[in-house]
Amino acid sequence: MIMKDVQVENLGAVVISPRVIETIVSITTSNIDGLYSLRNKSFSDFLGKNSEGRGVYISQDEDGLVDVDVYVFLSFGVNVPSVAMNIQKEIKEAVFNMTGIEINDVNVHVSGIVPAKTPKPKHTDLFDGGDFLDAE
């Protein structure tokens, strides 16, 4: 578990699940211009029960530094370095603003470029079983 200590009148600790960070990263990344979709690192990840954070991998080292790896497909015609840097910047800002956790590194892995005429998936299709996106 990733832990964020909040010292307010000694009320206790706040523990933020890695799944929460994965969700923040997934939603933030899916809203970046030039992104086609997120992609799993391997086929076995796609078959796993918890594919909600697909394409997003969170790790924490022994010093407590949090790293994020994001696997993406980009749309044809975009400036790849520019979109990748925007993904990095937006992820760091979103995670910090929502959790107070500073992300050490955001590694963007461009898995492919999607042809221009390929229809973009719906926002909800980027998240298998994304009940948190249901507006009901």
Side-chain angles (χ1 to χ4, degrees):
M1 290 278 178
I2 296 171
M3 192 163 171
K4 173 69 177 167
D5 290 323
V6 179
Q7 301 296 329
V8 180
E9 300 179 22
N10 294 323
L11 296 175
V14 174
V15 179
I16 298 173
S17 165
R19 179 135 159 47
V20 171
I21 296 174
E22 285 178 357
T23 302
I24 293 168
V25 170
S26 295
I27 292 171
T28 300
T29 305
S30 68
N31 288 319
I32 302 281
D33 286 335
L35 179 90
Y36 178 78
S37 69
L38 297 167
R39 175 183 180 3
N40 281 327
K41 180 168 51 173
S42 66
F43 185 71
S44 62
D45 290 345
F46 178 72
L47 298 174
K49 288 183 193 176
N50 293 329
S51 61
E52 290 88 356
R54 68 176 186 185
V56 177
Y57 301 87
I58 309 293
S59 62
Q60 185 175 23
D61 66 13
E62 59 278 349
D63 296 328
L65 299 175
V66 179
D67 293 333
V68 175
D69 285 274
V70 181
Y71 290 78
V72 298
F73 279 113
L74 299 182
S75 300
F76 180 80
V78 301
N79 181 319
V80 174
S82 176
V83 173
M85 286 187 288
N86 194 26
I87 290 170
Q88 291 171 319
K89 178 177 119 348
E90 293 294 327
I91 287 173
K92 282 187 172 196
E93 285 180 13
V95 171
F96 183 76
N97 288 339
M98 292 185 207
T99 66
I101 295 172
E102 286 193 40
I103 300 296
N104 183 47
D105 286 326
V106 176
N107 303 306
V108 178
H109 305 268
V110 179
S111 299
I113 302 291
V114 177
K117 294 185 180 185
T118 306
K120 187 168 178 153
K122 290 188 270 180
H123 190 73
T124 53
D125 291 342
L126 295 174
F127 307 96
D128 293 336
D131 55 338
F132 54 88
L133 292 175
D134 292 341
E136 297 177 31

Under 3.5 Å, is there a donor-acceptor pair between the side chain of [X] and the main chain of [Y]?
X	Y	value
D63	L65	no
K92	N104	yes
T29	S26	no

Any side-chain heavy-atom pair from [X] and [Y] closer than 4.5 angstrom?
X	Y	value
D67	S59	yes
R39	V72	no
V70	V25	yes
T23	V20	no

How many angstroms lie between atom CD of Q88 and atom CG of D105, to the nearest 0.5 angstrom?
8.5 Å
Within this structure, what is the CZ-NE2 distance for the pair F73 and H109, rounded to the nearest 0.5 Å?
13.5 Å
Can you list everything that forms a side-chain contact (heavy atoms from CB on, under 4.5 Å) with [X]? Sequence neighbours excluded, please.
X	value
A94	I24, T28, M98
V80	L74, V110, I113
N79	P81, S82

Evaluate the ring pair (Phe, Tyr, Trp, His ring centres under 6.0 Å) criterion for residues F76 and Y36: first the C-alpha distance (whole Å), next the side-chain angles of each, then the deciding distance (0.1 Å), finally the verdict.
CA-CA 9 Å; F76 180 80; Y36 178 78; over 10 Å; no
